[in-house]
Amino acid sequence: MTYLDIASRGKNSLWRYLVTWPLALVIWLIMVVAVLLPLILTHLITPDQLQAEGAGDHPVLFFALQGVVFAGLIAGFALAAFLLHRKTFKDLCGNWSWRLVGSGALVWLVVLILSTAIDWALAPKGFTFTIETLNPAIILTTIICLAIQTFAEEFIFRGYLTQSLLLATKRPMVAAAIAAIAFGSLHIPNGLPQAVGATALGFVLSLIAIRTGGLAFGWGLHFANNLFGAIIVVSANDVFKGTPAVITQNTPGLMWWDTVFGIGIMAVLAFLVLKDGRFIGSAAQYPK
């Protein structure tokens, strides 16, 4: 079953797509407030913790809040899509295979290790071992909450949004490009290099979702990317700056180099997907 077939399930009138976005965000806001307000009123979370400037100020709380916020987004879009489109959670995920998840994570882990090795060769003084700052609570919270955060982004942008654009245009490249621009624009507050990189990442992940018929490979790749950047090699110039990690990297002069390198790898992935997708395959080819 193709991704277009999956996207065609349910009720797909234009007005339903226009209403689903605000409804999903309203549901999300209600759920987040319902979780956080009691914690604030009972002083389990203090105002200064909520107003912390960086992830490194309160890392466990930072990632826990990320988990709550993005879990609310998953629930909001899943419920809104069911109410308005009669689409199930499974419909928005598409075909699923845990082996594809592992494949996506492994492919990108190799890329990240190679990129880090090149950075280290170019600027070895910019790397510091900080493994002593890690503890089990930080590691466990980070893994769980980044799994939620990355899945939420895949669920919304490569699931709901890419499916809707594919239905509207019937053109995978166009659908992937529009979804990528929307995804990349949300990363502008994190700096231009990250916004550009996120746009390229979003484009290729949408193509992969369309090719494989689901979110599995892309989520594995996305999760590996964020987890690596949060607890393995954390950049002093990234959104996770200051968080405990095995290695801390402070090489601002290499930011654009890393972006260009990442885009180059993404271009190769896009070429392989468009030329011959067999290197990824589809979820139907893998055991669950």
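Atom set for the values below is all heavy atoms of this structure, side chains included, hydrogens, waters and symmetry mates excluded.
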Asp91: partners by salt bridge (Lys or Arg N to Asp or Glu O under 4.0 Å), with sequence neighbours left out: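 Per chain and number, Asp91 pairs via salt bridge (Lys or Arg N to Asp or Glu O under 4.0 Å) with Arg9.
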Is the ring centre of [X] less than 6.0 Å from the ring centre of [Y]?
X: Tyr160; Y: Tyr17; value: yes
X: His222; Y: Phe157; value: no
X: Trp257; Y: Phe261; value: yes
X: Phe203; Y: Phe183; value: no

ILVMFWY clustering at 4.5 Å (side-chain atoms), partners of Leu106: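 None; Leu106 is a cluster of one.
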Test item: [X] and [Y] side chains (from C-beta on) under 4.5 Å apart, heavy atoms:
X: Phe82; Y: Leu92; value: no
X: Leu84; Y: Trp15; value: yes
X: Ile139; Y: Leu134; value: yes
X: Met31; Y: Ile27; value: yes
X: Val111; Y: Phe228; value: no
X: Leu73; Y: Leu25; value: yes

Report the C-alpha distance between Met255 and Asp258 in whole Å, list the side-chain angles of each, state the deciding distance to 0.1 Å, and finish with yes or no for side-chain contact (heavy atoms from CB on, under 4.5 Å). CA-CA 5 Å; Met255 287 183 65; Asp258 291 335; 5.7 Å; no
For the pair Trp96 and Trp219, name the ring-plane relationship: parallel under 30°, tilted 30 to 60°, perpendicular over 60°.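 Judged by the thresholds at 30° and 60°, the geometry between Trp96 and Trp219 is tilted.
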Above 12 or not: heavy atoms from other molecules or residues under 6.0 Å from NZ of Lys11?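 Result for NZ/Lys11: open.
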Within the supplied structure, the quantity of interest is the number of heavy atoms (other residues, nucleotides, ligands) at a distance under 6.0 Å from Ile118 CD1; does it exceed 12? yes
For the atom pair CD1 (Ile113) and CH2 (Trp120), what is the distance rounded to the nearest 0.5 Å? 12.5 Å
To the nearest 0.5 Å, tell me how far Ile156 CD1 sits from Thr162 OG1. 11.5 Å
Quick one: do Ile45 and Leu65 satisfy side-chain contact (heavy atoms from CB on, under 4.5 Å)? Show the steps, please. CA-CA 10 Å; Ile45 297 178; Leu65 289 175; 4.3 Å; yes
Within 45° of the ring axis of Tyr3 and under 6.0 Å from its six-membered ring centre, is that where the NZ or CZ of Arg158 lies?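 No - Arg158 does not lie over the ring of Tyr3 by the 6.0 Å and 45° rule.
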